[in-house]
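Presented below is the structure to which this report refers.
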Amino acid sequence: MKIATWNINGIKARIDNLLRWLQESAPDVVCLQEIKSVDELFPRLEIEALGYHVETHGQKGFNGVAILSKNTPDEVLRGLPGADTDEQSRFIEAVFSRPGGVIRVASLYLPNGNPVNTEKYLYKLAWMERLERWASSRLPLGEPLVLAGDYNVIPQPQDAKHPEQWLNDALFLPATRQAFRRLENLGFSDAIRSVSDAPDLYTFWDYQAGAWRRNNGIRIDHLMLSPEAADRLVSADIEKYVRAWEKPSDHVPVVIELTI
DNA sequence: ATGGTGGAAGATCCA
């Protein structure tokens, strides 16, 4: 089973790239972030025509997440529990029945958090606490669980071309990295780092200042695996070639294969 | 120090 995550930076601007990539990569489940669309205006027909089921949790203008899947989910939940007044659409989870058992997949868009001396950074840290609590509550289910998305976290210096440029950024501050490590300490493992300790593994290159041309990237899109999912991990790859397409997102897909 | 780019909404915010 192939599970992917991709921050597409606007579904309407990226629909052609998405359709092409779905056909070429043929994932079973796709976690999308930054769809930047309300549910009613999400271009679901074209995606359904390729054989995918579509579940969205959108909002006007910003944020928004979705899960596309070859199989219809048994259950879908929208919104990260723990803050009733939070109106930002950053989380959706789905449960699938497979021949090998049940699997739970979440698509998350963690807050960027910049500028750091503002409410935005406090919101990011609070959101990470909520994610940790939610993840803790799911672990006792003993299911294969994949937390996939744009974490807006650079876990380690080797996850940036120029880590020194990120020292005071919300993506790399010690408190941010500590919160990410707490997720690992719960028992979740970073799929890419489970298969490779290579440098220069990036998932995001800014549109500005020739970042792509200079390979000035960062690795911020992650698939975090519960122990039961990690046991089934076959491969994990960053589909970097998509960044070279016309009209690309600034992020590329990350894909894992699980035996389930 | 600034501007460098892009999406969506709408004449600005967010990344």
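Proteins get letters first, then strands, A, B, ... in listed order; numbering begins at 1 in each. Just so it is clear, the structure is predicted and the values come from calculations on it, not from any experiment.
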* Can you tell me the distance, in whole Å, between the CD atom of A:Q165 and the C1' atom of B:dG4? => 14 Å
* Asked: Hey, does the side chain of A:S226 reach the backbone of A:F188 with a donor-acceptor pair shorter than 3.5 angstrom?
  -> no
* Structure fact -> With A:N114 as partner, the option from A:L173, A:N168, A:L171 fulfilling side chain to side chain contact (heavy atoms under 4.5 Å, CB included) is A:L171
* Asked: When you match A:N112 and A:D206 each to their closest nucleotide on DNA chain B, which lands nearer the 5' end?
  -> A:D206
* To do: Nearest whole angstrom, please: distance from the C1' of B:dA15 to the CH2 of A:W166.
  => 10 Å
* To do: Starting at atom OH of A:Y151, determine the distance to atom C1' of B:dA15, rounded to an integer number of angstrom.
  => 20 Å
* Got a sec, which residues hit side chain to side chain contact (heavy atoms under 4.5 Å, CB included) with A:L122, two or more places apart in sequence or on another chain? -> A:E119
* What distance, rounded to whole Å, do you find between the two C1' atoms, one in B:dA11 and one in B:dG7? -> 16 Å
* Asked: Between A:R78 and A:E93, is the closest basic N to carboxylate O distance under 4.0 Å?
  -> no
* P atoms of B:dA9 and B:dC14, separation to the nearest Å -> 15 Å
* Asked: When rounded to the nearest Å, what value does the distance between C1' atoms of B:dA15 and B:dG3 take?
  -> 16 Å
* Which of these passes side chain to side chain contact (heavy atoms under 4.5 Å, CB included) with A:I47: A:V30, A:L32, A:L22? -> A:L22
* Asked: Between B:dG6 atom C1' and A:H251 atom NE2, what is the distance in whole Å?
  -> 12 Å
* Asked: More 5' along DNA chain B: A:K120 or A:Q208, using each one's nearest nucleotide?
  -> A:Q208
* To do: Take atom CD of A:Q88 and atom C1' of B:dC14, then tell me their distance rounded to the nearest Å.
  => 11 Å
* Separation of atom NZ in A:K124 from atom P in B:dC14, rounded to whole Å -> 15 Å
* Asked: Aromatic rings A:H222 and A:F180: how do their planes relate, parallel, tilted or perpendicular, breaks at 30° and 60°?
  -> tilted
Could you go through nucleotides 7-11 of chain B and list every protein N or O atom that sits under 3.5 Å from one of its N or O atoms, giving the distance for each pair?
| from | atom 1 | to | atom 2 | distance (Å) |
| --- | --- | --- | --- | --- |
| B:dG7 | OP1 | A:R14 | NH1 | 3.4 |
| B:dG7 | OP1 | A:K247 | NZ | 3.2 |
| B:dA8 | OP1 | A:K12 | N | 3.4 |
| B:dA8 | OP1 | A:A13 | N | 3.4 |

* Calculate the interatomic distance between A:N63 atom CG and B:dA15 atom C1'; express it in whole Å. => 10 Å
* To do: Under 4.0 Å between any heavy atoms, over every strand shown, what does A:F204 touch: base, sugar-phosphate, or nothing? Just pick one.
  => nothing
* For the atom pair CD (A:E34) and CG (A:N63), what is the distance rounded to the nearest 0.5 Å? -> 7.0 Å
* **A:E34 CD to B:dC13 P, straight-line distance once rounded to whole Å** => 17 Å
